[in-house]
S.K.: 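Provided herewith is a single structure, encoded as structure tokens, for subsequent inquiry.
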Amino acid sequence: MTMAHGEPAPRDARGRPVAVIGGGWAGCAAAWTLASRGVPVVLHEATGALGGRARRVERAGLPIDNGQHLLVGAYEATRSLLWAVHGRRVDPGMRRQRLAITPFAPASGAPALATAGLPPPWNLVIAVARARGLSWDERVATLRWMSALRAARYERAAGETVDAMLDALPRRVARGIFAPLALAALNTPTARASSRVFAHLLGRISRGRGASDFLLPALDLSELLPEPAARRVEARGGEIRLRAAAVVTSATDTGVDIYAGGGRWRAAAAIVAVGPHQLAHVFAPGVTAHPDVADALEAAAAMRFEPTATIYLGFRERYRIPGRIARLDDAPGQWIFDRHDVLDRAPEAATARALEGLVAVVISAGAASDDLDARALAARVQSQLKRLDASFPVAVWSQVIVERRATFACEPGLRRPRTAAIGPRIHLAGDYLDPNLPATIEAAVASGEAAGRAIARALAAT
Ligand SMILES: Cc1cc2nc3c(=O)[nH]c(=O)nc-3n(C[C@H](O)[C@H](O)[C@H](O)COP(=O)(O)OP(=O)(O)OC[C@H]3O[C@@H](n4cnc5c(N)ncnc54)[C@H](O)[C@@H]3O)c2cc1C
């Protein structure tokens, strides 16, 4: 058996597997990490598919994603995991391009900005200095603001909102550049989004060459991590159990009892990788008495959630978006993504043969989508695009996916669980644990890997 990083295979004395509860990206990263170290894993997923909030959904034979997932070069944990999973190439499974804000309707006068291929801070300095649609004064004020943020090491007061943070910027810069970035990254309206977390993200993308680059998945989201992780688990003697909601019924220093699918089994340890709103259902009453479990449940219960709507539109005529991502005017669509790659991946599907263009329009934290049914929302987005570009084609195919609990609301002062390590045999994993990050793939992957490593170490020590 091949060992990752030359480590010995830690194994519970009785050869019992570790239970991973939840097959989203955090659970899959944990399962990959354990299996790669020779630890057998039983991965329980409550639904019929792995991937959680970042997964493929098949519609009319097309492998579309449940939402547009944009990563950045600074997401080190995700990049290095994908590097290990997909054969150690640069940015495997992803397409890299420079951070840019390109208005979909250039004539609208909305600001346009593109980073240069220089190390930070010059990539962003040059981007602002060359930005279109801003006056000289606006550019100077923006550069001063960015320099002050850097001097403060990207720290902000814990109770401040993004809107309050952006108050010091010229309005067009705040509303046309930074507020849309904050809304997309935190999936929380800027009036009640945490400036601390946003500033921390700005700090991360300013850390090294390429850190601010956009990374766009070049495979469907399930192929990117969940499916290869499942293959590795099975190849290393483990098991994937779908439609198997699991509950931790008791935990001791020597193992964890799991109830799932009508049966019980004793695991060597457990990684609980469910969403924060699902946490309360995973622990049986006896286990919730543990002070760290109680603390995590209390933090999770205080979280609120934000939706994200994705509207796919397909066209008979060829249609491409230069630069793959463009900024809309928020009425109601916020960003548009070129998704021709989906058609390329399903050349045999009848729908793919009938379409020459496919785009996805995103509405984050979407109050706009709450009171509209799918058909009405698609029609509203189609007329928005026609209003912004008179030559925009008529859609012949559409799909709307509204994720009601896409992310937790990343609000000022939001409390996270005080520890992910609940005793020696249980670890939490998930996108809600890192106080410096919003709900992201990166937060999920980093926590999953950390949990996998910690449990492997604990088992090796027994
Ligand atoms: C539309 C949309 C767009 C997004 N855009 C971006 C983006 O651009 N960039 C970015 O980085 N992030 C983005 N995100 C956020 C990102 O997808 C999430 O942060 C991440 O996928 C969360 O992973 P997770 O494993 O922590 O949780 P989840 O994906 O929620 O996984 C938890 C899993 O546990 C399962 N489960 C729950 N209870 C049980 C149980 N008792 N037993 C077994 N299984 C159970 C659930 O079914 C689920 O599969 C987006 C999310 C959405 C929905």
Side-chain angles (χ1 to χ4, degrees), residues 19-31 42-55 57 64-72 74-75 77-78 94 181 183-187 201 214-217 221-222 224-226 229 240-249 258-261 270-284 300 305-311 325 334-335 337 360-366 369 400-408 410 420 428-434 437-449 451:
V20 174
I21 301 178
W25 278 57
C28 288
V42 174
L43 172 54
H44 292 270
E45 165 53 45
T47 69
L50 299 180
R53 280 172 279 153
R55 68 191 188 285
V57 291
I64 58 178
D65 294 322
N66 70 317
Q68 305 315 295
H69 280 69
L70 184 63
L71 283 71
V72 287
Y75 285 175
T78 309
M94 308 295 278
L181 286 178
L183 178 60
L186 274 59
N187 197 42
L201 276 183
F214 285 157
L215 296 177
L216 289 160
L221 292 170
S222 298
L224 213 47
L225 176 67
I240 305 293
R241 296 189 189 160
L242 298 178
R243 294 185 191 83
V247 176
V248 173
T249 55
I258 307 289
Y259 177 79
I271 293 179
V272 175
V274 304
H277 64 288
Q278 297 158 327
L279 203 56
H281 305 294
V282 174
F283 294 110
F305 297 90
E306 299 287 345
T308 298
T310 307
I311 299 95
I325 308 173
Q334 297 160 350
W335 298 86
F337 289 69
V361 169
V362 175
I363 306 175
S364 292
S369 62
V400 175
I401 302 175
V402 180
E403 292 274 5
R404 299 262 165 220
R405 280 203 186 92
T407 67
F408 60 81
C410 189
L428 300 178
D431 64 354
Y432 60 101
L433 294 165
D434 185 337
L437 285 174
T440 46
I441 291 266
E442 176 72 1
V445 164
S447 74
E449 280 191 310

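Since this is a predicted model, take the numbers as computed values, not measurements. We count ligands from 1, going down the list as the structure has it; atoms in each ligand are counted the same way. Reckoned from all heavy atoms, side chains included, excluding hydrogens, waters and symmetry mates.
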S.K.: Examine the proximity of ligand 1 to A429 and report which part, side chain or backbone, both or neither, has a heavy atom under 4.0 Å away.
M.R.: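 Near ligand 1, A429 shows nothing, with every heavy atom at 4.0 Å or more.
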S.K.: Considering distance alone, does some N or O of N66 sit under 3.5 Å from an N or O of ligand 1?
M.R.: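 By distance alone, the answer is no.
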S.K.: Indicate the atoms forming the closest heavy-atom contact of P276 with A300, along with that distance.
M.R.: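 Smallest interatomic distance, heavy atoms only, reads O-CB, 3.4 Å.
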S.K.: Got an N/O contact under 3.5 Å between I21 and ligand 1?
M.R.: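 Not met; the criterion fails.
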S.K.: Considering only heavy atoms, which of N187, D65, L70 lies nearest to atom 7 (C) of ligand 1?
M.R.: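 Residue with the shortest heavy-atom distance to the ligand atom: L70.
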S.K.: Would a 4.5 Å heavy-atom cut-off, applied to side chains only, mark L70 and L216 as touching?
M.R.: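 Sidechains of L216 and L70: in contact.
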S.K.: Examine Q68 against ligand 1 and note whether any of their N/O atoms are separated by less than 3.5 Å.
M.R.: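 For ligand 1, there is an N or O atom that lies under 3.5 Å from one belonging to Q68.
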S.K.: Has ligand 1 got any nitrogen or oxygen that is less than 3.5 angstrom from a nitrogen or oxygen of A246?
M.R.: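 For ligand 1, there is an N or O atom that lies under 3.5 Å from one belonging to A246.
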S.K.: Kindly confirm or rule out an N or O of G275 lying under 3.5 angstrom from an N or O of ligand 1.
M.R.: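 Among all N and O atoms of G275, none is under 3.5 Å from an N or O of ligand 1.
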S.K.: Taking heavy atoms and a distance under 4.0 Å, where does Q278 meet ligand 1: side chain, backbone, both or neither?
M.R.: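 The answer is the side chain of Q278.
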S.K.: Looking at side-chain heavy atoms only, is the closest gap between I325 and F214 below 4.5 Å?
M.R.: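 SC-SC contact between I325 and F214 confirmed.
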S.K.: With nothing but distance in play, are any N or O atoms of R53 less than 3.5 Å from an N or O of ligand 1?
M.R.: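 Yes: some nitrogen or oxygen of R53 is under 3.5 Å from one in ligand 1.
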S.K.: Report the part of A260 (side chain from C-beta onward, or backbone N, CA, C, O) that has a heavy atom under 4.0 Å from ligand 1; answer both or neither where that applies.
M.R.: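 For A260, no heavy atom sits under 4.0 Å from ligand 1.
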S.K.: Inspect the contact between E306 and R53 and indicate whether a charged nitrogen and a carboxylate oxygen are less than 4.0 angstrom apart.
M.R.: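 No salt bridge links R53 with E306.
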S.K.: Please confirm whether E442 comes within less than 3.5 Å of ligand 1 when only nitrogen or oxygen atoms on both sides are compared.
M.R.: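 So ligand 1 has no N or O lying under 3.5 Å from an N or O of E442.
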S.K.: Say whether G67, considering both its backbone and side-chain N or O atoms, lies within less than 3.5 Å of an N or O atom on ligand 1.
M.R.: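 By distance alone, the answer is no.
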S.K.: So for ligand 1, is E45 a polar contact partner (N or O within less than 3.5 Å, distance only)?
M.R.: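 Yes - when backbone and side-chain N and O of E45 are compared with those of ligand 1, one distance drops under 3.5 Å.
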S.K.: Start with the C-alpha distance between V272 and F283, add both sets of side-chain angles, then the distance that settles side-chain contact (heavy atoms from CB on, under 4.5 Å), and finish with yes or no.
M.R.: CA-CA 9 Å; V272 175; F283 294 110; 3.9 Å; yes
S.K.: Between T308 and ligand 1, which part of the residue brings a heavy atom under 4.0 Å of the ligand: side chain, backbone, both or neither?
M.R.: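 The answer is the side chain.
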S.K.: Based purely on interatomic distance, does I441 place a nitrogen or oxygen under 3.5 Å from a nitrogen or oxygen of ligand 1?
M.R.: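 I441 vs ligand 1: N/O contact under 3.5 Å present.
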